[in-house]
Amino acid sequence: MKLEKFHGIIPAFYACYDDQGDISEARTQALCDYLYEKKVQGVYVGGSSGECIYQSLDERKAVLSYVANHLKGKMTLIAHVGAPSTRDSIELAKHAAALGYDALSAIPPIYFKLPDRSVFKYWTDIIEATPLDFIIYNIPQTTGYTLTTSLFEKLLANKKVIGVKNSSMPTMDIERFKKTGGDDVIVFNGPDEQYVAGRIMGADGGIGGTYAAMPELFLQANQFILQGKFEEAKHIQSDINDIIIALCSQNGSMYAVIKEILNRRGVNVGSVRAPLEGISSEDSGPIDEIIVMIDQAIQRYCQ
Ligand SMILES: CC(=O)N[C@H](C=O)[C@@H](O)[C@H](O)[C@H](O)CO
Ligand SMILES: CC(=O)C(=O)O
């Protein structure tokens, strides 16, 4: 019951910048409103899609505040507080707790390759800093660190650890984490390209970087799974994957392309922060085509 609020579609929240590239409160609120209208289950704030790695501590705290002030009580709020040092991570965690977030989450330590005991200590230090529940973030392709089922089990001994957001590519990892944790633990599908497969292998919900570009399609994929309509789920996933491949095939980074799509839909959240690249003039036509792909898939599957 306690975990019900984490089921469903939870978009990773994008960094919202003004035209100078600074965090924009108004644009952050505009993205909040957009996602609220789409009826998503919650948002995951300040993760990869939030460009956390390129932001100062004060900027990250500001984003956490703007989102909470606007969405608290309206949907589930998860704060990603992973930062290079434990000290900064704890500062973010305390800030998120004071704002009333529903849960914290963090990647493992980055840059230095640390032994498992240091990774365990890093996550535990964050967990102990606040009363909030905690979701481990396993994303080996960006952090270089792979969560094992044995470390997962050790972390689960702490009752504040409620689950893992798994972004490794094998869906079997989802099945193993679910098997290790049992019903009382929540496993989130990470890779949007295999949302349907992840759910079938045991994921209870999903947190994803492309959900906000096409929330209708992921909400519908979730519905198909809940209704046992696996043929339909397979087809919508296939169309989603055509869209994701197109999002990732432009000159601009995937996030820049998604933000331009939102902009053309009337939600201006600015561009991305370097070294991520913004869109180029050549991307303009293909972005129009991606919007058509999304709209056609919505027409096809969502009544
Ligand atoms: C590596 C990475 O950022 N993975 C995200 C989180 O799991 C995904 O949601 C991707 O953004 C998505 O699957 C598109 O590749
Ligand atoms: C992509 C994703 O889930 C994140 O922003 O962390």
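Keep in mind that this is a model prediction, so the values were computed, not measured. One-based numbering, in listed order, for ligands and for the atoms of each.
- Within the 4.0 Å heavy-atom cutoff, His80 does not count among the residues contacting ligand 2.
- In terms of N/O distances under 3.5 Å, ligand 1 is approached by Asp192.
- Scanning all protein heavy atoms for the shortest distance to atom 5 (C) of ligand 1 gives Gly190 O, 4.4 Å.
- In this structure, the side chains of Phe218 and Thr210 come closer than 4.5 Å at one or more pairs of heavy atoms.
- Tested against Phe134, the residues Leu155, Thr124, Leu104 include a single side chain to side chain contact (heavy atoms under 4.5 Å, CB included) partner, Leu104.
- Taking distance alone, with nitrogen or oxygen atoms compared against 3.5 Å, Gly209 approaches ligand 1 more closely than that limit.
- Between Asn263 and Glu260, some side-chain heavy-atom pair lies under the 4.5 Å cut-off.
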Gln29 vs Asp33, side chain to side chain donor-acceptor pair (under 3.5 Å): CA-CA, chis, key distance, verdict: CA-CA 6 Å; Gln29 288 173 350; Asp33 288 338; over 6 Å; no
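- In terms of polar-atom proximity, defined here as any N/O pair under 3.5 Å, Ile207 makes no such contact with ligand 1.
- Here the heavy atom of the protein found nearest to atom 1 (C) of ligand 1 is Ile139 CD1, 3.6 Å.
- Asn189 places no side-chain N or O within donor-acceptor distance of the main-chain N or O of Ala203, the cut-off being under 3.5 Å.
- For ligand 2, the polar-atom distance check against Tyr255 finds no nitrogen or oxygen pair separated by under 3.5 Å.
- Rounding to the nearest 0.5 Å places CD1 of Ile162 at 4.5 Å from CG of Asp133.
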Evaluation steps, side chain to side chain donor-acceptor pair (under 3.5 Å), between Asn158 and Glu128: CA-CA 10 Å; Asn158 188 327; Glu128 293 309 331; 3.0 Å; yes
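- Partner Tyr44 forms a ring-ring contact (aromatic ring centres under 6.0 Å, His included) with one of Tyr14, Phe188, Tyr137 and no other, that one being Tyr137.
- Atoms of ligand 2 lying under 4.0 Å from at least one heavy atom of Ala12, given by number and element, are 1 (C), 2 (C), 3 (O), 4 (C), 5 (O).
- Under a 4.0 Å criterion applied to the non-hydrogen atoms of Lys165, ligand 2 contributes the atoms 2 (C), 3 (O), 6 (O).
- Residue contacts with ligand 2 include Tyr137, since one of its heavy atoms falls under 4.0 Å from the ligand.
- Ligand-side atoms of ligand 2 in range of Ile207: 3 (O), range being under 4.0 angstrom from any heavy atom.
- Under a 4.0 Å criterion applied to the non-hydrogen atoms of Ser49, ligand 2 contributes the atoms 1 (C), 2 (C), 4 (C), 5 (O).
- For atom 14 (C) of ligand 1, the closest non-hydrogen atom on the protein side is Glu193 OE2, 3.3 Å.
- Close N/O approach between Tyr44 and ligand 2 is not found [any backbone or side-chain N/O within under 3.5 Å].
- Contacts between Phe188 and ligand 1, counted as non-hydrogen atom pairs separated by less than 4.0 Å, are absent for every part of the residue.
- When each atom of ligand 1 is checked for a heavy atom of Met254 under 4.0 Å away, the hits are 11 (O), 14 (C).
- A 4.5 Å side-chain heavy-atom check between Ile23 and Gln55 finds at least one atom pair inside the cut-off.
- Considering backbone and side-chain atoms alike, Thr142 places every N or O at 3.5 Å or more from each N or O of ligand 1.
- The N/O atoms of Lys165, backbone and side chain alike, include one that comes under 3.5 Å of an N/O atom in ligand 1.
- For the pair Lys178 and Met201, the minimum side-chain heavy-atom distance is 4.5 Å or more.
- Counting the atoms of ligand 1 from 1 in the order shown, those under 4.0 Å from a heavy atom of Gly208 are 9 (O).
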Trace of the side-chain contact (heavy atoms from CB on, under 4.5 Å) decision for Val40 with Met75: CA-CA 8 Å; Val40 298; Met75 61 172 76; 4.0 Å; yes
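- Under the rule for a ring-ring contact (aromatic ring centres under 6.0 Å, His included), Tyr145 has no partner lying at least two apart in sequence or in another chain.
- For the pair Tyr195 and ligand 1, no heavy-atom separation below 4.0 Å is found.
- Looking only at protein heavy atoms, the nearest one to atom 7 (O) of ligand 1 is Ser167 OG, 2.4 Å.
- Heavy-atom contacts of Thr210 reach the following atoms of ligand 1: 14 (C) (cutoff under 4.0 Å).
- Using a 4.0 Å cut-off to heavy atoms of Gly209, the atoms of ligand 2 that qualify are 1 (C).
- Within ligand 2, counting atoms from 1 as listed, the ones closer than 4.0 Å to a heavy atom of Gly47 are 5 (O), 6 (O).
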